[in-house]
Protein chains: 2
Amino acid sequence: MQVHSSGKIFREQKVVSVTRKDQVYTILRQAIISSQLSPGEAIRKEIVAAQLGVSRTPVSDAINRLADEGLVEIYPQTGTFVARLWLDKIETAQFVRLALETAAIRRAAERITPDTLTLFRQNLEQQRRAAERLDFEQFYELDEALHDMICDAAGLVGLREIASKERSQIDRVRRLLLHYETRMMETLIEHEAIIEAIAEKDPERAARTMEAHILQMGKLLMHLREKRPELFGS
Amino acid sequence: MQVHSSGKIFREQKVVSVTRKDQVYTILRQAIISSQLSPGEAIRKEIVAAQLGVSRTPVSDAINRLADEGLVEIYPQTGTFVARLWLDKIETAQFVRLALETAAIRRAAERITPDTLTLFRQNLEQQRRAAERLDFEQFYELDEALHDMICDAAGLVGLREIASKERSQIDRVRRLLLHYETRMMETLIEHEAIIEAIAEKDPERAARTMEAHILQMGKLLMHLREKRPELFGS
DNA sequence: AAATAACACCTAACATGTTACACGCTAGCT
DNA sequence: AGCTAGCGTGTAACATGTTAGGTGTTATTT
């Protein structure tokens with residue numbers, strides 16, 4: 001594992017600073033969201049540290065951050081576990097996501113530029129191709145990227161990071177749902193409707209369309225809970 | 001400083017776990033939000049550790065968490081500073097607050113119970129008394145408590161914590177504005193209008209009233225920036 | 001005198017040793 | 001047999017030692 005490859009700072013503005021704890025954080029987060037690590041599974045700090053070739057410190061730091069984000073559960077003096085799925089927490093995350101993204105899309109619709117719109121449409125085109133070849137993973141990534149782009153289009157510094165963090169729980173669930181996902185085409189059509197509303201600078205319609213889109217996930221979630229109860233908490 | 005006074009766990013449900021890093025976090029956060037520590041001021045981990053009678057580890061952990069929250073700025077290998085106020089970050093925080101709290105109040109208005117309403121009105125009564133004796137600090141605390149109670153009334157697990165965290169930046173600014181604050185009575189009237197709309201189970205009016213309430217802060221902010229430019233970043 | 005390069009200092013980042021506590025197990029008591 | 005108390009084990013929490021790199025200063029060169 002590389003050491004801080006470049007911690008450049010202009011004293012007023014942090015350019016980039018990739019410390020080991022940041023790298024460990026990114027690796028673990030990715031592993032959790034992609035379900036390489038299963039909900040409920042123990043995380044042994046010492047082993048993770050050994051595997052990544054670092055000491056326990058940056059691993060602990062990364063795990064603390066993940067705990068804040070709700071992706072791991074730390075039981076003091078006992079152990080650290082990949083967080084199980086809690087329906088009530090998912091409900092809250094869904095609510096927050098809905099509130100933030102509908103508000104963001106309203107702003108985006110008001111201040112959309114042709115350039116950004118072109119980026120949106122390129123993304124949609126790629127989504128269409130991914131859907132046609134049934135490439136779930138790729139489709140999912142493009143989906144996430146589109147939501148990020150909409151956040152950026154709202155023109156608020158740091159909003160994407162906040163939205164992305166609050167979406168962690170949802171992203172995990174969506175990943176697990178991928179293989180039960182049969183509505184890729186429907187999802188694509190919803191995305192197109194959202195972008196269309198933005199293009200027409202119609203904030204209200206954009207927000208309502210986004211809302212309908214986000215709420216689709218609820219039913220699938222119940223399906224997952226029946227199929228894989230072991231992933232869920234109490 | 002006390003050691004984890006009780007880290008009780010029922011394996012499925014964390015009851016309470018006050019570790020040293022939690023205590024340090026709470027102390028530092030309070031100090032920053034209340035402006036006992038000024039924006040831009042250096043935080044010397046070693047000195048903080050000595051003052052609190054702990055080692056550098058829990059202090060570092062607490063500071064990492066505060067950095068996530070945007071309350072401190074860490075410059076790798078250089079130093080840690082109380083975050084200055086950045087207009088663009090405050091703008092984003094304001095946006096997030098608006099999105100979350102208007103959405104929360106809609107839900108609260110839909111599911112309000114007489115008991116909760118009574119609590120709201122008790123709070124308002126206390127606010128009135130605090131306003132009458134020009135007790136800024138007390139009024140401010142009651143204000144925060146009211147917003148927290150509204151979050152809780154939305155009936156979503158963990159929403160208050162999320163909202164409270166995202167409000168950190170705003171809370172700092174409001175504290176600084178307290179002594180320039182001349183509109184305590186107006187604020188109280190706005191609060192009363194919000195609660196009234198909830199009581200009448202009118203989500204739309206409640207949300208619009210809340211929106212107007214939150215947006216009041218903008219002008220005061222510009223005033224502060226002129227009076228105390230040293231608190232602000234670039 | 002101005003520009004630049006070398007260097008010393010200070011800090012966060014990282015490594016590692018130590019402690020205390022949650023939990024499971026077992027033995028002993030009822 | 002069932003229940004409780006004490007003990008052993010393993011982990012996070014905490015303490016402390018070490019390293020590396022950013023910043024400011026100073027010396028040197030032009």
Side-chain angles (χ1 to χ4, degrees), chain A residues 1-28 40-68 71-83, chain B residues 1-28 40-68 71-83:
Chain A
M1 170 165 279
Q2 275 291 355
V3 185
H4 346 114
S5 46
S6 96
K8 290 233 172 57
I9 294 196
F10 287 140
R11 188 67 190 76
E12 292 295 322
Q13 188 184 355
K14 190 187 300 185
V15 175
V16 63
S17 164
V18 182
T19 59
R20 293 188 201 188
K21 70 176 163 229
D22 292 331
Q23 296 176 50
V24 175
Y25 167 79
T26 303
I27 291 169
L28 284 178
E41 184 176 347
I43 298 177
R44 301 284 314 284
K45 292 184 183 186
E46 203 155 20
I47 292 177
V48 172
Q51 285 176 340
L52 297 179
V54 299
S55 78
R56 301 177 339 246
T57 308
V59 176
S60 287
D61 287 346
I63 285 179
N64 282 332
R65 215 169 135 192
L66 291 166
D68 269 344
L71 291 177
V72 304
E73 299 170 2
I74 299 174
Y75 295 96
Q77 260 69 5
T78 303
T80 302
F81 305 86
V82 178
Chain B
M1 170 165 280
Q2 276 291 354
V3 185
H4 345 116
S5 46
S6 100
K8 291 233 171 58
I9 295 201
F10 286 139
R11 188 67 190 78
E12 292 295 321
Q13 187 183 355
K14 190 186 301 185
V15 176
V16 63
S17 165
V18 182
T19 60
R20 293 189 200 188
K21 69 176 164 228
D22 292 332
Q23 298 175 49
V24 174
Y25 167 78
T26 303
I27 291 169
L28 284 178
E41 185 176 347
I43 298 177
R44 302 285 313 286
K45 292 183 184 188
E46 203 155 20
I47 291 176
V48 172
Q51 284 176 340
L52 297 178
V54 298
S55 78
R56 302 180 333 249
T57 308
V59 175
S60 287
D61 288 346
I63 285 178
N64 282 332
R65 215 169 136 193
L66 290 166
D68 268 344
L71 291 177
V72 304
E73 299 170 3
I74 299 174
Y75 295 94
Q77 259 71 6
T78 303
T80 302
F81 305 86
V82 178

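Only heavy atoms go into these numbers, but all of them, side chains included; no hydrogens, no water, no symmetry mates. First the proteins, then the strands, lettered A, B, ... as listed; each starts at 1.
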- Query: Atom CD of E46(B) and atom P of dT11(C): how far apart are they, to the nearest Å?
  - Reply: 8 Å
- Query: Side chains of K45(B) and S60(B): do they bring a donor and an acceptor to under 3.5 Å?
  - Reply: yes
- Task: Measure from CZ on F81(B) to P on dG22(D) and round the result to the nearest Å.
- Result: 15 Å
- Query: Given atom OH of Y75(B) and atom P of dA20(D), what is their separation to the nearest angstrom?
  - Reply: 25 Å
- Separation of atom CD1 in I74(A) from atom P in dG10(D), rounded to whole Å: 21 Å
- Which whole-number value in Å describes the distance from K45(A) NZ to dC14(D) P? 10 Å
- Closest to the Q77(B) side chain: dT11(C), dT23(D), dC14(C)? dT11(C)
- Message: Test side chain to side chain contact (heavy atoms under 4.5 Å, CB included) on E41(B) and T80(B); report intermediate values, then the result.
- Response: CA-CA 9 Å; E41(B) 185 176 347; T80(B) 302; over 6 Å; no
- Nearest-Å distance for atom pair OH/P, residues Y25(A) and dA13(C): 16 Å
- Message: Are the side chains of D61(A) and T19(A) in contact, using a 4.5 Å heavy-atom criterion?
- Response: no
- Task: Please check the phosphate of dA15(D) (OP1 and OP2 only) for any side-chain N or O of S55(B) closer than 4.0 Å.
- Result: yes
- Query: Is a donor-acceptor pair below 3.5 Å formed from side chain T57(B) to base dA13(D), judging by atom type as modelled?
  - Reply: no
- Task: Using only side-chain N and O atoms of K21(A), determine if any of them is under 4.0 Å from OP1 or OP2 of dA13(C).
- Result: yes
- Query: Which nucleotide, dA12(D), dA13(C), dC14(C), lies nearest any side-chain atom of P76(B)?
  - Reply: dA13(C)
- Message: Between R44(A) and dG10(D), is there a contact of a side-chain N or O with OP1 or OP2 at under 4.0 Å?
- Response: no
- Query: Any chance the side chains of Y75(A) and E73(A) put a donor and an acceptor closer than 3.5 Å?
  - Reply: yes
- Measure the distance from CZ on R20(B) to C1' on dT19(C) and round it to the nearest whole Å. 10 Å
- For dC14(D), does either OP1 or OP2 sit under 4.0 Å from a side-chain N or O belonging to R56(B)? no
- Item | Worked check of side chain to side chain contact (heavy atoms under 4.5 Å, CB included) between K21(B) and N64(A) | CA-CA 11 Å; K21(B) 69 176 164 228; N64(A) 282 332; 3.6 Å; yes
- Query: Is there a donor and acceptor pair closer than 3.5 Å between the side chain of T19(A) and the base of dA13(C)?
  - Reply: no
- Query: Between dT11(D) and T80(A), is there an OP1 or OP2 to side-chain N/O distance shorter than 4.0 Å?
  - Reply: no
- I47(B) near the nucleic acid: base, sugar-phosphate alone, or nothing, with a heavy-atom cut-off under 4.0 Å? nothing
- Query: What is the distance from CD1 of I43(A) to P of dT11(D), rounded to the nearest Å?
  - Reply: 13 Å
